[in-house]
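What follows is one structure encoded as structure tokens, with my remarks underneath.
Residues: numbered from 1 along the sequence shown. Below, all heavy atoms of this structure are taken into account, side chains as well, without hydrogens, waters or symmetry copies.
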Amino acid sequence: MKILVTGATGKLGSKVVEALLKKIPADQLAVSVRNPEKAAGLRTLGVEVRQGDFDRPETLEQAFAGIDRLLIISADGDNETRIRQHTHAVEAAAKAKVGFIAYTSVGNAQESSLFLAPVHSHTEKAILATGIPYSFLRNNWYLENELSSIQGVLAGAPWITSAGNGRVGWALREDYAEAAAAVLVGSGHENTIYELSGAPLTQAEFAAALGAALGREVPVQQVDDAAYGEIMRSAGVPDFVIPMLAAIQAGIRQGTLDIISGDFEKLLGRPAIPVAEALPKLVAEARG
């Protein structure tokens with residue numbers, strides 16, 4: 001059996017590779033990366049490094065050749081770019097006749113109003129259209145996404161949000177990575193959908209957990225989306241990023257990430273690491 005992971009030098013992909021190497025010999029693992037030089041360390045471990053660029057479809061078909069089980073990790077960028085790139089990856093997987101496709105999607109992808117959801121809805125449908133057995137790993141929200149906000153709190157800022165009482169199922173990347181690895185090496189995952197979510201918390205509950213990790217109260221400042229954008233701008237966030245951040249806050253407020261699921265338990269035999277337990281490690285990382 002040969003498994004391939006795309007985006008293997010990225011934040012999630014590198015953790016998936018790490019999890020897989022605990023389960024299978026290195027010679028059963030390949031990675032597809034845009035810049036093979038960045039994966040030189042994996043090559044020294046015995047992992048096969050292949051060049052694959054989501055904007056150059058011809059490289060993807062070669063990268064996916066002879067692969068039994070493929071993990072497509074969703075790309076970065078605006079929605080239009082991501083849809084184009086994911087379409088290239090799915091088409092290449094079909095041409096290469098891979099045996100199984102796992103894909104990192106988003107919670108409730110087909111019905112969600114989250115501004116990121118159209119990318120994942122489109123990609124899931126494209127994978128379904130190939131007829132290849134699949135597993136959709138609908139990841140909720142990475143706890144590490146809050147690192148910059150935690151750094152702001154460390155610098156004396158309150159926890160600023162326009163998400164109201166909306167809840168988020170935060171989990172660490174390592175938990176999402178271990179779940180992906182379990183699907184790739186396990187059996188019985190054909191044609192499955194996993195809603196991977198931690199226990200949902202409000203922003204106030206998150207701030208309370210952060211305060212416990214810091215040993216002090218973290219005040220919460222609830223604002224509207226416009227004020228949130230202005231605060232982010234004054235904090236040095238680039239203008240092109242601000243609409244995306246505000247849209248995420250709006251999506252949370254609308255309940256798009258308030259997903260209760262036992263799928264982590266199904267795949268890992270345990271729930272996701274609780275936010276309160278994970279935050280001290282993240283605080284230490286934020287402090288550098």
Side-chain angles (χ1 to χ4, degrees), residues 10-23 73-74 104-108 114 137-161 163-186 194-222 245 248-249 251-253 255-288:
K11 293 177 180 178
L12 177 62
S14 59
K15 291 187 179 298
V16 173
V17 168
E18 183 180 329
L20 284 169
L21 288 174
K22 295 176 182 177
K23 297 175 179 290
I73 293 181
S74 55
T104 59
S105 188
V106 75
N108 195 27
L114 186 69
L137 308 173
R138 290 180 171 174
N139 295 348
N140 193 290
W141 210 243
Y142 302 126
L143 185 58
E144 290 88 344
N145 288 348
E146 309 302 340
L147 193 58
S148 60
S149 294
I150 291 171
Q151 289 170 332
V153 168
L154 289 173
W159 187 263
I160 300 165
T161 179
N165 292 319
R167 302 196 303 173
V168 178
W170 285 284
L172 288 167
R173 277 198 186 93
E174 65 187 67
D175 278 347
Y176 293 116
E178 287 185 23
V183 166
L184 289 168
V185 303
Y194 295 108
E195 295 284 352
L196 298 172
S197 177
L201 300 175
T202 65
Q203 301 289 311
E205 289 168 335
F206 184 97
L210 178 59
L214 295 175
R216 63 176 174 84
E217 182 181 357
V218 174
V220 178
Q221 183 178 346
Q222 289 277 4
L245 296 181
I248 290 165
Q249 293 286 307
I252 295 170
R253 190 171 64 245
T256 61
L257 297 178
D258 187 357
I259 296 171
I260 297 174
S261 167
D263 285 349
F264 266 125
E265 289 91 332
K266 290 179 185 177
L267 295 177
L268 303 183
R270 61 169 177 81
I273 296 169
V275 165
E277 186 179 326
L279 274 173
K281 177 182 175 182
L282 209 59
V283 167
E285 184 178 341
R287 284 176 165 150

Which residues satisfy the salt bridge (charged side-chain N to carboxylate O under 4.0 Å, His left out) test with [X], sequence neighbours excluded?
| X | answer |
| --- | --- |
| Arg287 | none |
| Glu146 | none |
| Glu174 | Lys281 |

Check your understanding: Which residue pairs pass the salt bridge (charged side-chain N to carboxylate O under 4.0 Å, His left out) test when at least one of the two sits in residues 201-218, sequence neighbours left out?
Key -> none

Revision key, fill the gap. The side-chain hydrogen bond (donor to acceptor under 3.5 Å, both in side chains) partners of Ser74 (sequence neighbours excluded) come to Thr104

Practice item. Quick one: list whatever passes side-chain hydrogen bond (donor to acceptor under 3.5 Å, both in side chains) with Arg173, sequence neighbours left out. Key: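 By the side-chain hydrogen bond (donor to acceptor under 3.5 Å, both in side chains) rule, Arg173 matches no residue at all.
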
To the closest 0.5 Å, what do you measure between [atom1] ([X]) and [atom2] ([Y])?
| X | Y | atom1 | atom2 | answer |
| --- | --- | --- | --- | --- |
| Trp141 | Ile252 | CH2 | CD1 | 6.5 Å |
| Gln222 | Thr161 | CD | OG1 | 5.0 Å |
| Leu279 | Ile150 | CG | CD1 | 5.5 Å |
| Asn140 | Leu257 | CG | CG | 5.0 Å |

Check your understanding: How would you list all residue pairs meeting side chain to side chain donor-acceptor pair (under 3.5 Å) that involve residues 148-158, not counting sequence neighbours?
Key -> none

Using only atom types and a distance under 3.5 Å, with no angle test, would you say the side chain of [X] pairs donor to acceptor with the backbone of [Y]?
| X | Y | result |
| --- | --- | --- |
| Gln249 | Ala163 | yes |
| Thr256 | Leu114 | no |
| Ser261 | Glu195 | yes |

Point to revise | Within 6.0 angstrom of Asn165 CG, more than 12 heavy atoms from elsewhere | key: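 Result for CG/Asn165: open.
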
Point to revise | Shortest non-hydrogen separation from Gly198 to Phe264 and the atoms involved | key: N-CE1, 4.2 Å

Side chains of [X] and [Y]: closer than 4.5 Å at any heavy-atom pair?
| X | Y | result |
| --- | --- | --- |
| Leu154 | Leu214 | yes |
| Leu196 | Tyr176 | yes |
| Val218 | Val220 | no |
| Val283 | Leu210 | yes |

Would you give me the side-chain donor-acceptor pairs under 3.5 Å for residues 11-23, sequence neighbours excluded?
| from | atom 1 | to | atom 2 | distance (Å) |
| --- | --- | --- | --- | --- |
| Ser14 | OG | Gly10 | O | 2.8 |
| Ser14 | OG | Lys11 | O | 3.4 |

**Study point:** Those residues that, when tested against Arg167, pass side chain to side chain contact (heavy atoms under 4.5 Å, CB included) (two or more places apart)
**Key:**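 Scan of Arg167 (side chain to side chain contact (heavy atoms under 4.5 Å, CB included), adjacent residues dropped) gives Pro200, Thr202, Asp258, Ile260.
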
Review point. With sequence neighbours left out, which residue pairs that include part of residues 268-288 fulfil the ring pair (Phe, Tyr, Trp, His ring centres under 6.0 Å) condition?
Key: none

**Study point:** Pairs meeting criterion ring pair (Phe, Tyr, Trp, His ring centres under 6.0 Å) with involvement of residues 194-214, two or more places apart
**Key:**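 Only Trp159-Phe206, Trp170-Phe206, His189-Tyr194 qualify under ring pair (Phe, Tyr, Trp, His ring centres under 6.0 Å).
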
Sequence neighbours left out, cut at 3.5 Å: what donor-acceptor pairs do the side chains of residues 265-274 make with other protein atoms?
| from | atom 1 | to | atom 2 | distance (Å) |
| --- | --- | --- | --- | --- |
| Lys266 | NZ | Asp263 | OD1 | 3.2 |
| Arg270 | NH1 | Asp175 | OD1 | 3.2 |
| Arg270 | NH2 | Asp175 | OD1 | 2.7 |
| Arg270 | NH2 | Glu178 | OE1 | 3.2 |

